[in-house]
Each structure stands twice: as C-alpha cells, then as structure tokens.
There are 2 protein chains.
Amino acid sequence: MPRAQVPNVVIRRLPLYLQTLERIAETGQQVVSSTELGNQIGVSSAQIRKDLSYFGEFGRQGLGYDVENLRNQLKRILQLDQVWHILLVGAGALGHALANYRAFEEQNFAIVAVLDNDEAKIGQPIGDLTVQPMTSMERAVRDNHVEIGILAVPARAAQSVADNLIATGIRSILCYAPITLSVPEHVHVAYIDPVTTLQTMTYYL
Amino acid sequence: MPRAQVPNVVIRRLPLYLQTLERIAETGQQVVSSTELGNQIGVSSAQIRKDLSYFGEFGRQGLGYDVENLRNQLKRILQLDQVWHILLVGAGALGHALANYRAFEEQNFAIVAVLDNDEAKIGQPIGDLTVQPMTSMERAVRDNHVEIGILAVPARAAQSVADNLIATGIRSILCYAPITLSVPEHVHVAYIDPVTTLQTMTYYL
DNA sequence: GTGTGTGAAACTGTTCACAGCT
DNA sequence: AGCTGTGAACAGTTTCACACAC
C-alpha cells in the first residue's frame, strides 16, 4: 500500500496526465511516450515516469504507454471509476454557473442538491435541481450519499457552513470563498479563488 | 533586488497573509504575532517569518507585526497598490458570475471589457459592461491598458484565444478551461478548474 | 517573558543517468 | 535506436534553535 508515502504534488499532477491522455485518446493515438506527454503539459519526462512509478509499472520499455490503459489506471488510482455525489451550498451567480457546468457530470461528479439561506432563492430551479433551505442539509447529505461539499457562499458565511457540512460527516470541501477554513485533521479542503490567484500573478508583472 | 531568488511558493502564500491581515484589521486589532497569523492560516510561525524575511524586516522583536504596516508592505510587494485592468473572454454562465463578482473591484482588479464570439451574446449587458465581439480584442486591450486576460471559454477554444491575447501583448492569463496552454516563456498562466481540483480530492476519500 | 530574524540542519521533491527491455 | 523504471545526486523548502531586542 503505497498510499501514505506518495507526495501531495504527485497527486495534484495526476489529473493533468489524465486530462491530457483523454485528449490524446480522442485523436485515436494509442501509444504515448513520457516525453510526448510531458511536452503537452510542460513537465519533464522524468517527472512523469517517477510520478507513475509510485503506483506501478504501466509502460513498456522501448515503446511507451498504452493510452487507454494508462487512462484507466489513473482513473482507478484517483478513484474516478465511480460517481461522486456533491452538495452545492450557495445559489448565487457562482452557484448557478457551477450547477450548469457540464464538465462535472462528464467526469463523474454529480451535484445532487443545492442549498441557500435566501428565502427568495429557495424553491427556484437551478440546473436540473431546485434550491432547498439550509435546514435540509443533513437530510440531503444522508439521502444522496454526499461525499463532497462545494462552498459558493460569501466569505463571512463560509466557516459556519463548513462546520455544518463537517457535522453531517462530509470529509471533502471545495471552497470558493477567499478565507482559510479551520477544520479537523481528517477533513480535506481545497480552495478556488480568482482574486487570490490574480494576487500572485501581479507580483510577476 | 531580492526578486529573482524568492521561491514561487512564498509568493503564493503572500496573498493568504494579506487576506488574513485584512480580516484582522477589521476587528480593530493593531498588532499580530507570526504565531497568531500562522494559526489562522494553518502555517507555521517560522514559515511566516522566513517568508517575510525575503523582503525585509517588518516586525518588532518581542511585539510582533503592526497589522496596518504589514498589510501595506504586502500590497506593495505584490504590486497591489494599483488598479489592474482585466479583459474577460467568454460571456457564458461563468463569465457572468465573474463579471458580477464584487471581490475583483474591492481588491483593485477591474474587468474593463468582455468578449464573446456568440452573435446572440454580443451587445448584451454583462455586469456594468456590454459584450463585444472577439474582433474588438486588440482595441480593447490597447485602449484600456489591459494587463491580464481571463479565459472563461470552452477548452477547445482556449488555446487559440490565448494565442490571440498573447499577440496583443498580454503577459498574464487566468485560465478556467481544463487544458494546459502552450505559451511563450515570458507569459504567466494560472489555472482554475473545479473538476481538476475535485479529481485530486477523491484520491484521499 | 514574548517574539523576530536567520543561519544551519532536516526534509521533500526533482533531475540525472543508466541498466535493461523492445 | 527508442523508451521505461529507478537509485543516486541535486535542488528546493521547511523546520529548528538561538542571538538579539522589547
């Protein structure tokens, strides 16, 4: 069980490999070398080989990697060979964009419920769903086997919503608010905020 | 000029420090220690002191850091003491969410024009602006002194739009499409994609 | 006592370079 | 010849621990 000793950065690169393999597969190409894959992603060939070596030997010396096989292996490693259920909190402009983002379902992520605390939004349609009140959180998580929460709420509300999500048993949170959440050890949080990202880019301008 | 030798990871943490200082400043607190700041962000105090030491000595031994001063220093370091002009490409659901996201202007980022290639969207209002055709790109960049481009277009269009942006002289691109762009050395690209992020989270579930 | 700034040490991650297979 | 898998060398990052200042 290699799990624990795989560096975090390696895990973050695997989805890029997977994405690129899927684009390559669409062209009908069946075999790819670490050099070719690396060139498309901007990563060295050694890095790709080393990263993959944490999980097994997927290539053939002298040839390269079978595109379809490596794609399946990566999906298995990242546990992407199943559907994951997501609860979206926040039905503002961002929530609507997320609820209508087709890439989720294409990649086996299903938003199964949307919550908001704004009376005016509750009951309104969003994507294929209907906005529910925050009080429905626990039931929505339980009934739909939700594993992941997406926070599309204002920064001031994020921590308290996160606390509620964690109380229902959720262990993975994707947070769009520009605030560092304080969570127990066993909960994973990832952050997406364009302002934070832009603030690093201006340094280099 | 310390610039070149400052590690990338350090730059990525500075906006977190800044955000947290701004929240602390709102409470009226005037002095903060590296320990307290670190606790709020989930970073060690040594890391904060080391990071800041790349740029100067901002603290007072035995006391800590003056919140307002450190905030200003960070803004200066990240070049956030000026307004940056952004061109947004893509007026779909995501483009609308971005155009209406108040945090941009609050943090000195101004979206000055929005483009789309869809005839049905051109001329429509978006935020305080009007969607313009892609042919307006060069003029929009020149007339508004645009320094940053945001790509909110489908993956298949992203590379070609990026090429056009770069041709107008833009050197910073924030890309929402799940594809690694191929760009010249001098262009900085940052990526934001929820699916890619979720695909790393499932590994740990 | 409290807390910064910083070299040195420890640790983590990346690249090199080559044996071995096709 | 072309390419993988990998130990070893190298580079980058974080933590430690302490002199110094309040």
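Naming convention: chains lettered A, B, ... in sequence-line order (proteins, then strands); numbering from 1 in each chain.
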Asker: With side-chain contact (heavy atoms from CB on, under 4.5 Å) as the test, would you mind laying out the steps for Ile179(B) and Gln19(A) before giving the verdict?
Answerer: CA-CA 7 Å; Ile179(B) 178 173; Gln19(A) 270 167 27; 5.7 Å; no

Asker: For Tyr101(B), what residues pass the ring pair (Phe, Tyr, Trp, His ring centres under 6.0 Å) criterion, not counting sequence neighbours?
Answerer: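 Only Phe104(B) meet the ring pair (Phe, Tyr, Trp, His ring centres under 6.0 Å) criterion with Tyr101(B).
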
Asker: Taking CG from Leu52(B) and P from dG5(C), how many angstroms apart are they, rounded to a whole number?
Answerer: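 Taking atom P of dG5(C) as the reference, CG of Leu52(B) is at 7 Å.
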
Asker: When we call it a touch if two heavy atoms are under 4.0 Å apart, what does Ser34(B) touch: a base, just sugar-phosphate, or nothing?
Answerer: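 Contact class for Ser34(B): sugar-phosphate only.
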
Asker: Could you list, one pair per line, each protein nitrogen or oxygen that sits under 3.5 Å from a nitrogen or oxygen of nucleotides 20-22 of chain D, together with the distance?
Answerer:
residue : atom : partner  : partner atom : Å
dC20(D) : O2   : Gln61(B) : OE1          : 3.4
dC20(D) : O2   : Gln61(B) : NE2          : 3.4
dA21(D) : O4'  : Gln61(B) : OE1          : 2.1
dC22(D) : O4'  : Gln61(B) : O            : 3.1

Asker: Heavy-atom count check: over 12 atoms from other residues, nucleotides or ligands less than 6.0 Å from Arg13(A) CZ?
Answerer: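 Enclosed: over 12 neighbouring heavy atoms sit under 6.0 Å from CZ of Arg13(A).
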
Asker: Quick one: what's the B/S/- string for nucleotides 9-18 of chain D, heavy-atom cutoff under 4.0 Å, read 5' to 3'?
Answerer: ----SSB-B-

Asker: Leu37(A) CG to dG5(D) P: how many Å, rounded?
Answerer: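 Going from Leu37(A) (CG) to dG5(D) (P), I get 12 Å.
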
Asker: Should Leu181(A) and Leu151(A) count as side-chain neighbours, where that means a heavy-atom distance under 4.5 Å?
Answerer: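 Touching, per the 4.5 Å side-chain cut-off.
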
Asker: Mind checking whether Tyr203(A) and Phe55(B) have parallel, tilted or perpendicular rings, split at 30° and 60°?
Answerer: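 Rings of Tyr203(A) and Phe55(B): perpendicular, as their planes differ by over 60°.
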
Asker: Between dG5(C) atom P and Leu70(B) atom CG, what is the distance in whole Å?
Answerer: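 Rounding to the nearest Å, CG of Leu70(B) and P of dG5(C) are 9 Å apart.
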
Asker: For Gln29(A), I'd like to know if atom CD has over 12 heavy atoms of other residues, nucleotides or ligands within 6.0 Å.
Answerer: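 Counting neighbours around CD of Gln29(A), more than 12 heavy atoms of other residues, nucleotides or ligands fall under 6.0 Å, so yes.
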
Asker: Using whole Å, what does the distance between atom C1' of nucleotide dG5(D) and atom CZ of Phe55(A) come to?
Answerer: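 That distance rounds to 15 Å.
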
Asker: Looking at Tyr176(A) and Pro194(B), what are the two nearest heavy atoms and their distance?
Answerer: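 Distance-wise, the nearest heavy atoms are OH-CB, 3.2 Å.
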
Asker: Evaluate the criterion side-chain hydrogen bond (donor to acceptor under 3.5 Å, both in side chains) for residue pair Ser34(B) and Arg49(B); output intermediate values, then yes/no.
Answerer: CA-CA 7 Å; Ser34(B) 56; Arg49(B) 295 200 300 278; 3.2 Å; yes

Asker: Could you state the atom-to-atom distance from CD of Glu57(A) to C1' of dA19(C) in whole Å?
Answerer: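 Rounded to the whole Å, the gap is 13 Å.
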
Asker: Provide, to the nearest angstrom, the distance between the CG atom belonging to Asn69(A) and the C1' atom belonging to dT4(D).
Answerer: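 Going from Asn69(A) (CG) to dT4(D) (C1'), I get 14 Å.
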
